[in-house]
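In what follows, every heavy atom counts, from backbone to side chain, and hydrogens, waters and symmetry copies are set aside. Note that the numbering runs from 1 along the sequence shown for the chain. Since this is a predicted model, take the numbers as computed values, not measurements.
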Amino acid sequence: MKPLLFCTTGLLLVSQLALGQSPVSITSPDPQTNSLQDPSKIYEYTRSLDAMRDDNPYKGVSGSPYVVPRWLSAVITTKGKTVMPATPLKYDVLRQRVLVLDPQKGDSLQVDETLIASFVLTDPEQPQERRAFRRFAEAPVPEQAREFVEVLHQGKYTLLKRYTKDVQLAGYSSAYLYDESPKAIEDKIIYYLARPNGSAVPVKLKVRALQTAAPELATALREASRKRSISQEQDAVALLQVVDKP
């Protein structure tokens, strides 16, 4: 069965917007402001999918094409500043798709990705922790600007987490037979520091690397790192929060 496509005149106009726009500040959307109070309105921004058929290529494969394989509650903000009601969402990194659950049928719906500016995920197991994703507007490679990156820190500088996926094929099953079916999906994380001038550079979560990427924070980073070393992602975020205020 062919996917159904839902659209309005407004949707078509917005879908023509260029992706190379300035990055937006991520805040928790106010559901009472310019929101879609009627959950069924989400059909104007989505198209239906045959969920089982869509997931079959990776059934039984080690790893997942999604940032988080579980459905997590999300609030989506469109480029037109419309806020969609909280809905279960999955971000398919491998195929660059945002999926939500049909509020009536429980099927997977693909959101028209050209309309989305950002979304905020909430894990019911950690309701106080919100994970914000937005377009990679500062991407050094133009083709990456359509991707969504996670915002780990936002001050004068912004620490971004870019998710990528590598597909490992089954390979040779014999001397003459090469199996191109997927065997595993591996995660690859790249961190970027977005600068006030609108550029972004890949960075390792080390004090010296952050100092090189943000020269004006070099002294403050050196002083702060004497009390707080970096051994994992959370440490780097905490350090930036100390030395880089909005």
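- Remark: side-chain polar atoms of T158 are not paired, donor with acceptor, to backbone N or O of Q154 under 3.5 angstrom.
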Original post:
Are F148 and R134 close enough, and set up right, to give a side-chain contact (heavy atoms from CB on, under 4.5 Å), and what steps lead you there?
Top reply: CA-CA 5 Å; F148 291 97; R134 66 158 171 83; 5.6 Å; no
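- We find the CG-CD distance between L160 and E147 to be 11.5 Å, quoted to the nearest 0.5 Å.
- I189 and L210 fall within a single hydrophobic cluster, where Ile, Leu, Val, Met, Phe, Trp and Tyr side chains are chained together by heavy-atom contacts under 4.5 Å.
- Atom-to-atom distance recorded for L94:CG and S64:OG is 9.0 Å, nearest 0.5 angstrom.
- When all heavy atoms are compared, the tightest approach of Y91 to R97 is CD1-O, 3.4 Å.
- For the atom pair CZ of R226 and CG of L221, the computed distance is 12.0 Å after rounding to the nearest 0.5 Å.
- Between the side chain of K165 and the main chain of Y66, a donor-acceptor pair closer than 3.5 Å is present.
- In this structure, CE on M84 lies 5.0 Å from CD1 on I76, to the nearest 0.5 angstrom.
- In terms of heavy-atom proximity, W71 sits nearest to L99 at CZ3-O, 3.5 Å.
- At distances below 3.5 Å, at least one donor-acceptor pair connects side-chain atoms of K90 with backbone N or O atoms of P69.
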Table please: side-chain donor-acceptor pairs of residues 234-246 below 3.5 Å, with sequence neighbours left out.
from, atom 1, to, atom 2, distance (Å)
D235, OD2, S231, N, 3.0
D235, OD2, S231, OG, 2.7
D235, OD2, Q232, N, 3.1
D244, OD1, K156, N, 3.1
D244, OD2, H153, NE2, 2.8
D244, OD2, K156, N, 3.3
D244, OD2, Y157, N, 3.0
K245, NZ, Q241, O, 2.9

**OP:** Any chance you could lay out the side chain to side chain donor-acceptor pair (under 3.5 Å) test for E233 and Y191, step after step, and finish with the verdict?
**Re:** CA-CA 10 Å; E233 179 184 287; Y191 296 95; 2.6 Å; yes
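- When all heavy atoms of S225 and R222 are compared, the pair lying nearest together is OG-O, 2.8 Å.
- In this structure, the side chain of R146 does not engage the main chain of A137 through any donor-acceptor pair within 3.5 Å.
- No side-chain heavy atom of E150 sits less than 4.5 Å from a side-chain heavy atom of R162.
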Subject >> Step-by-step side-chain contact (heavy atoms from CB on, under 4.5 Å) determination, R195 to V201 >> reply: CA-CA 8 Å; R195 297 162 164 167; V201 292; 3.7 Å; yes
**OP:** Please step through side-chain contact (heavy atoms from CB on, under 4.5 Å) for the pair Y192 and V149, ending with a clear verdict.
**Re:** CA-CA 10 Å; Y192 287 84; V149 287; 6.0 Å; no
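- Residues T77 and T82 fail the side-chain proximity criterion, which asks for heavy atoms closer than 4.5 Å.
- Considering only heavy atoms from C-beta on, D92 stays 4.5 Å or farther from V98 through its side chain.
- Ring-plane geometry between F119 and F133 is classed as parallel, the angle between the planes falling under 30 degrees on a 0 to 90 degree scale with a further cut at 60.
- In plain terms, the two heavy atoms of I230 and L205 that are nearest each other are CG2-O, 3.1 Å.
- Not one N or O on the side chain of T78 forms a donor-acceptor pair closer than 3.5 Å with the backbone of L115.
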**OP:** For the pair T122 and L72, evaluate side-chain contact (heavy atoms from CB on, under 4.5 Å) and give the outcome as yes or no after the intermediate values.
**Re:** CA-CA 6 Å; T122 302; L72 295 182; over 6 Å; no
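- Within the 3.5 Å criterion, the main-chain N or O of A220 finds no donor-acceptor partner in the side chain of E223.
- The two residues L193 and A213 have their closest heavy-atom pair at CD2-CB, 3.7 Å.
- For the atom pair NZ (K79) and OG (S118), the distance works out to 11.0 Å, reported to the nearest 0.5 Å.
- Taking a cutoff of 4.0 Å between a charged side-chain nitrogen and a carboxylate oxygen, D123 and R70 qualify as a salt bridge.
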